[in-house]
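Here's the structure, in structure tokens; my notes come after.
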Amino acid sequence: MSSEDLEPYLPSKKPKVEKIVEKQLPPLNNSDSVVLRFAPGPSGPLHLGHTRALALNNYYKKRYGGKLILRLEDTNPNAIDSEAYEMIQSDLNWLNIEADEVIIQSDRIELYYQEIRKIIAEGGAYVTSSDAEEWRDLKNQKKAHPDRERLPEVQLSEFESLLVEGKGIVVIKTDLEDPNPALRDFVALRVVEEPHPRQSTKYRLWPLYNYAVAVDDYHLGITHVLRGKDHLNNTLKQKWIYKYLGWDEPEYIHYGLVSIPNTNLKTSKIRESIAESEFSGWDDCRLATLKGLARRGYRPETFLKYWENSGLKEVDIKFSWQNFDAMNKDIIDSDTRRLFFVSDPVEFTIETDDKLVKDAPWHPDKPELGKREEEIVSGSNIFIQKSDAEAFQEGSLVRLKNLCNVIVSKNKLNFEGMPPKKGSQIIQWCSSHTPIDLFYPDGTIVEGIVEDNISELDGETVQFERVGFVRLEGKKAFFLHR
RNA sequence: GCUCUCGUGGUGUAGUCCGGCCCAUCAUCUCGGCCUUUCGAGCCGAAUACCCGGGUUCAAAUCCCGGCGAGAGCACCA
């Protein structure tokens, strides 16, 4: 019996229905009109971690023809970098994400005062001058501070006087019996005497995160809130405010947390290091700030694509530089020019009877981009990367890429024919000595030389053959990925 | 400790709601081979996963129960 005869009896693979369904993120509920927001605190420029929320919000804005609001949350006068207001907006620009509206919370303090008066008036909030520990201890024991039980009129006048003097906080009442201690009574406003970078000393009573967010989300008409699941409890707190004010809640979507390995994303830490000149600035190529990554040549599309691809499940995920790099390479490879870079150059002299011409395309798959040409005469210097030179055997045949074959003899390279020989080693080389330093994100710097035609490529991303993709900047090259 | 989430290859993801087209999708990574004047790209192939244990069912990644594991929050930060 041949295998063909057996065929009908073998467990047949069921024909698979062609899955033509294009992969996309899950749809949003109530998507008739979609208003989203990206709401960072202006404590520094944006980094890789911020781009997820940005990418997802932007994705749904585009998908449903909605609106995206950039809201700068600067209600803590102590944690503001006054340059960040601008930096964040330029980071958005770089990503080609357009905010339909820019809102700054410190411009809206009166609004927060107005709404809290309503909540106090209906008994949903109280003022207390209790000190932090005492108040928290009582809460943990499910007990109320005496101030909590005062009449709304009293609370209201306490609030008005807090606007001008004295110490105290304004607290939203929740359920003191809530089994989750994190959800029992939370502070809505507090006193900060420090001057604010934009408002100076105009206000002394500042709203806290959960309160300001809820008020703004409502007043800005936010329909969908996309955030990490570290905000799960915050969402529950914010719902209390919606409840007191009789507002309809937006849709809340919580996605899992991302851990980004080997990457320092703490803005405050980075700022310190910059101050100590450990880093050259926010755009240091060792940083995962958008500015640092842009400097290495990452493309904005890569960020958006990566996060759209990562979905918004509630599982925690690990960021993969490998996958990220692969996506970036996929985007840039087809139109990135090639160039020879020689690290730790070793000098050789070429011996040839005829004049030679380097004939190297700017891109191997795109002849239409033209080529680099150069005449090489006998006696010219040829620089070879040290690691290649060390592997040379006396008399071995190597190919100088896009030039000719040579036989190695001491520090001479003797011409040995034009047609490429199968199996011979192919190496890149330079005739001129144009120094360039290659900066790796791990901090190593490799000194080398590059072909003499980089001036018109300044600021561009190119591929150093056999090394990887880099972005050129003057006499520096920043390593992107392989 | 309390409260709340979530467990599909190394990584990310599809499928889980409404059990059978799933001997489980796609991408990346890894390993072969082809191709190539780059260790890039391209092409072909291989390997690797439904956390564990019970139960329901003709049938379970999908439903139920119990373990285990991972993460988050518990600030007068955002």
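As a basis for the values below, the full set of heavy atoms in this structure was taken, side chains included, without hydrogen atoms, waters or symmetry mates.
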Touch class at under 4.0 angstrom, heavy-atom based, for [X] against every strand present:
X        : value
A:Thr75  : sugar-phosphate
A:Ile317 : sugar-phosphate
A:Pro419 : nothing

Mind checking what makes salt bridge (charged side-chain N to carboxylate O under 4.0 Å, His left out) contact with [X], not counting sequence neighbours?
X        : answer
A:Asp333 : A:Arg338
A:Lys366 : none
A:Arg296 : none
A:Asp325 : none

By nearest atom, which of the nucleotides [options] is closest to the [X] side chain?
X        : options             : value
A:Phe469 : B:G10, B:G40, B:A78 : B:G40
A:Asp365 : B:A78, B:U11, B:A41 : B:A41
A:Glu314 : B:C76, B:C6, B:U38  : B:C6
A:Glu73  : B:C76, B:A41, B:A78 : B:A78
A:Ala326 : B:U38, B:C6, B:U28  : B:U28
A:Asn323 : B:U28, B:A14, B:G40 : B:U28
A:Leu208 : B:G12, B:G7, B:A78  : B:A78

Below 4.0 angstrom, N of the basic side chain to O of the carboxylate: do A:Asp316 and A:Lys229 qualify?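 Judged by the 4.0 Å cut-off on N to carboxylate O distance, A:Asp316 and A:Lys229 do form a salt bridge.
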
Do A:Asp185 and A:Arg148 meet the salt-bridge criterion of a basic N to acidic O distance under 4.0 Å?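 Result for this pair is yes, salt bridge flagged.
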
Could you pull out the protein-nucleic contacts involving nucleotides 68-74 of chain B (nitrogen or oxygen on both sides, under 3.5 Å)?
from	atom 1	to	atom 2	distance (Å)
B:G71	O4'	A:Asp316	OD2	3.3
B:G71	O2'	A:Asp316	OD2	2.6
B:G73	O2'	A:Asn233	ND2	2.7

With a 6.0 Å cut-off on the ring centroids, do [X] and [Y] count as close?
X        : Y        : value
A:Tyr242 : A:Trp240 : no
A:Phe464 : A:Phe479 : no
A:Trp321 : A:His481 : no

Runs of at least three consecutive Watson-Crick or G-U pairs, both distances under 3.5 Å, are what I'm after; which ones involve RNA chain B?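 Listed by first number, the stems are B:1-7 with B:68-74, B:10-12 with B:26-28, B:30-34 with B:42-46, B:51-55 with B:63-67.
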
At under 4.0 Å between heavy atoms, how does the protein contact nucleotides 31-37 of chain B? Give one character per nucleotide, 5' to 3', with B, S or -. -----SB

Which residue in the set A:Arg372, A:Lys401, A:Lys371 passes salt bridge (Lys or Arg N to Asp or Glu O under 4.0 Å) when paired with A:Glu451?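 Checked A:Arg372, A:Lys401, A:Lys371 against A:Glu451; only one passes salt bridge (Lys or Arg N to Asp or Glu O under 4.0 Å): A:Arg372.
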
Rounded to whole Å, how long is the line connecting atom CG of A:Leu236 with atom P of B:U3?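 Distance check: A:Leu236 CG to B:U3 P gives 14 Å.
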
For atom CZ of A:Phe464 and atom P of B:G40, their distance in whole Å: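 Taking atom P of B:G40 as the reference, CZ of A:Phe464 is at 17 Å.
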
When you compare the protein's N or O atoms with those of nucleotides 43-51 of chain B, which come within less than 3.5 Å of each other, and at what distance?
none

Got a sec? Which of residues 45-56 of chain A come in under 4.0 Å of RNA chain B, heavy atoms?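 Those residues: none at all.
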
With sequence neighbours left out, write down each residue that passes side-chain hydrogen bond (donor to acceptor under 3.5 Å, both in side chains) with A:Arg399, or none if nothing qualifies.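 For A:Arg399 the side-chain hydrogen bond (donor to acceptor under 3.5 Å, both in side chains) partners, ignoring immediate neighbours, are A:Asn405.
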
Between A:Lys318 and A:Ala79, which residue's closest nucleotide on RNA chain B lies nearer the 5′ terminus?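 This one resolves to A:Lys318.
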
P atoms of B:C65 and B:U5, separation to the nearest Å: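 Going atom to atom, P in each nucleotide, I get 14 Å.
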
All N/O donor-acceptor pairs, side-chain side in residues 46-55 of chain A, below 3.5 Å, sequence neighbours left out:
from	atom 1	to	atom 2	distance (Å)
A:His47	ND1	A:Gly49	N	2.9
A:His47	NE2	A:Leu265	O	3.4
A:His50	ND1	A:His47	N	3.0
A:Thr51	OG1	A:Leu48	O	2.6
A:Thr51	OG1	A:Trp307	NE1	2.7
A:Arg52	NH1	A:Gly256	O	2.8
A:Arg52	NH2	A:Gly311	O	3.0

Closer than 4.0 Å, any side-chain N/O of A:Ser320 to the OP1 or OP2 of B:C29?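 A:Ser320 to B:C29 OP1/OP2: no side-chain N or O under 4.0 Å.
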
Not counting sequence neighbours, list each pair that qualifies as a salt bridge (charged side-chain N to carboxylate O under 4.0 Å, His left out) and has a residue in residues 161-184 of chain A.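 Sorted pair list comes back empty.
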
